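Letters go in sequence order (proteins before strands), and every chain restarts at 1. Remember, it's a predicted structure, so these values are computed and weren't measured experimentally.
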Protein chains: 2
Amino acid sequence: MEITRSDKIYKHLLEAIVSGTIAPGSRLRETDLAQDLDCGRGPLREALQRLESRKLVKKVPHVGAQVVSFDIAELIEIYQLRESLEALACELAAQHMTQDDMEHLQSLLQRHRQFLTEHDGEAYIDQDADLDFHFQIIQCSRNSWLIQLLCDELYHRVRMYRFQTAQYRSRPSKALQEHQHILDALVNRDGELASMLMKRHISAARRALESRLTSALTGEKV
Amino acid sequence: MEITRSDKIYKHLLEAIVSGTIAPGSRLRETDLAQDLDCGRGPLREALQRLESRKLVKKVPHVGAQVVSFDIAELIEIYQLRESLEALACELAAQHMTQDDMEHLQSLLQRHRQFLTEHDGEAYIDQDADLDFHFQIIQCSRNSWLIQLLCDELYHRVRMYRFQTAQYRSRPSKALQEHQHILDALVNRDGELASMLMKRHISAARRALESRLTSALTGEKV
DNA sequence: ATGCGACTAATTGTTAACAATTTTGACTTG
DNA sequence: CAAGTCAAAATTGTTAACAATTAGTCGCAT
């Protein structure tokens, strides 16, 4: 249960924006929204400000707020950050991980493996699974700033992109393999290796985005 | 000139908190503060929320807001992030830097060098100089998320720490040397080297903090 | 004396009215 | 007919009153 009205509205709008229920580029008029959500403009403004700090909404003083429109170039910037930060997360996780953490991650991958063999080809769920795995490792870093940054500020933006482009990884089994290798390294407390593998794992996704960007620029059909 | 009242208050409180004019741990009562700053509680609450998102203020629903109190363990977390992120900034800067950027940085270091020979020992200004250098390189990365993260979210927290501990680097000439080496690598567009040097540069500061933390834990006099 | 509970005061959360600013559109003018 | 200007409408920024929640205090029973 949510404590404040502002909190409730924030979560509602967050989901609506990330999932695309509210289209990118939409203008958000305070009066209208407040009526729809059945609240005053005060809590709504606070929610909008929080969304702005997550870069899901852009506000211009005296003009208004609108949902950000999507931009692959910016997503590449985010992936550059993820490369560095999740590599760091791996190094720290290798140091701080408990036995419980390891077992939890192992069973997570086991479930993913099972799902893949049962529903061969259905990649949709796999995207959430992918994020779950990254999420858990980040938690193991025990660095609260790192955790907040990746899981709270960058995360939603990545999810938004996935909803909008419906761009799901072509070969989920490949990703699962890479995840398993990363976890193996972590279990051996080999932070250096885990970090390198994670960097490559994300780097591959980033390069895929970059090729999409250049082919878009040359007008080629994706 | 500021556009909105909320903006003005935010900047005012930001400086007051970072500089220590408002002591760490202080409770921030909305009614009192609003009267002092001659404004209503609405804009004040928006300013407090922005400060909270920068982790300079902690809010608890229905209880209130207070200035964060300082914690070396958390600062070490921030330095871990800086190590990764500023290394990344160097790699990107090596790619995107213009001739103008290089000249600007060279003249910046030239001024620092001159200041050091003229005011041998005065380390105070050098701290700002240090941050200036890092700041400029980050700008050259051309990654807007990276820039905002380092220059807007982490930066103030680092400044706050410096004000509060009055902990200035023992040998500014050493730092200047390291800065020059980083810049040399960047001028040669050797991103790998620049990145490594930057990582070491920050890592040294982080380790100094860590030894301070352990000696504090063992009750040793610093 | 101490622990529990209701009551009061203080403080934050919320709303609705008011002020300031921007945008829109009609009207004028070259 | 196009461009510029001014007024009105729409929208955001701000304030002040009201509601809800929490913290502190006093009294009471054990």
Using the 3.5 Å cut-off, write out each protein N or O paired with an N or O of nucleotides 6-9 of chain D and the distance between them.
none

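- Residues that satisfy the side chain to side chain contact (heavy atoms under 4.5 Å, CB included) test with B:Ser195, not counting sequence neighbours, are B:Ala87, B:Cys90, B:Glu91.
- Following rounding to the nearest Å, B:Leu44 (CG) and C:dT11 (P) show an atom-to-atom distance of 14 Å.
- Qualifying salt bridge (Lys or Arg N to Asp or Glu O under 4.0 Å) partners for B:Glu15, counting only residues two or more places apart in sequence or in other chains: B:Arg159.
- Listed by chain and residue number, A:Arg113 satisfy the side chain to side chain contact (heavy atoms under 4.5 Å, CB included) test with A:Gln110 (two or more places apart in sequence, or in another chain).
- In this structure, CZ of B:Arg29 is placed 18 Å from P of D:dT22, rounded to the nearest angstrom.
- Distance CG (A:Leu28) to C1' (D:dT12): 13 Å, rounded to an integer number of Å.
- Shown here are the salt bridge (Lys or Arg N to Asp or Glu O under 4.0 Å) partners of A:Asp32, two or more places apart in sequence or in another chain: A:Arg29.
- Every salt bridge (Lys or Arg N to Asp or Glu O under 4.0 Å) that A:Arg45 has, sequence neighbours left out, goes to A:Glu30, B:Glu46.
- Atom CD in A:Gln35 sits roughly 13 Å away from atom P in D:dT12 (whole-Å rounding).
- The environment of NE2 in A:His96 is crowded: more than 12 heavy-atom neighbours from other residues, nucleotides or ligands sit within 6.0 Å.
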Pairwise N/O distances under 3.5 Å, protein to nucleotides 13-17 of chain C:
from   : atom 1 : to      : atom 2 : distance (Å)
C:dG13 : OP1    : B:His62 : N      : 3.4
C:dG13 : OP2    : B:Arg45 : NH1    : 2.3
C:dG13 : OP2    : B:Arg45 : NH2    : 3.0
C:dG13 : N7     : B:Arg41 : NH2    : 2.7
C:dG13 : O6     : B:Arg41 : NH1    : 2.9
C:dT14 : OP1    : A:Arg5  : N      : 2.4
C:dT15 : OP1    : A:Arg5  : NH1    : 3.4
C:dT15 : OP2    : A:Gly40 : N      : 2.7

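- Partners of A:Arg50 according to the salt bridge (Lys or Arg N to Asp or Glu O under 4.0 Å) rule, which considers only residues two or more places apart in sequence or in another chain, are A:Asp7.
- Contact annotation for B:Ile9: no contact, since no heavy-atom pair falls under 4.0 Å across all strands.
- Residues that satisfy the side chain to side chain contact (heavy atoms under 4.5 Å, CB included) test with B:Asp71, not counting sequence neighbours, are B:Ala73, B:Glu74.
- Residues passing the side-chain hydrogen bond (donor to acceptor under 3.5 Å, both in side chains) test with A:Thr31: none are found, sequence neighbours excluded.
- One distance of note links OG of B:Ser107 with CE of B:Met102; it measures 14.0 Å at 0.5 Å rounding.
- In the helix from C:dA1-D:dT30 to C:dG30-D:dC1, the terminal helix axes, each the rotation mapping four pairs' C1' atoms onto the next four within five end pairs, subtend 10°, rounded to 10°.
- Applying the side chain to side chain contact (heavy atoms under 4.5 Å, CB included) test to A:Val67 and every residue at least two apart in sequence or in another chain returns A:Ile17, A:Ile22, A:Ser26, A:Leu28, A:Met160.
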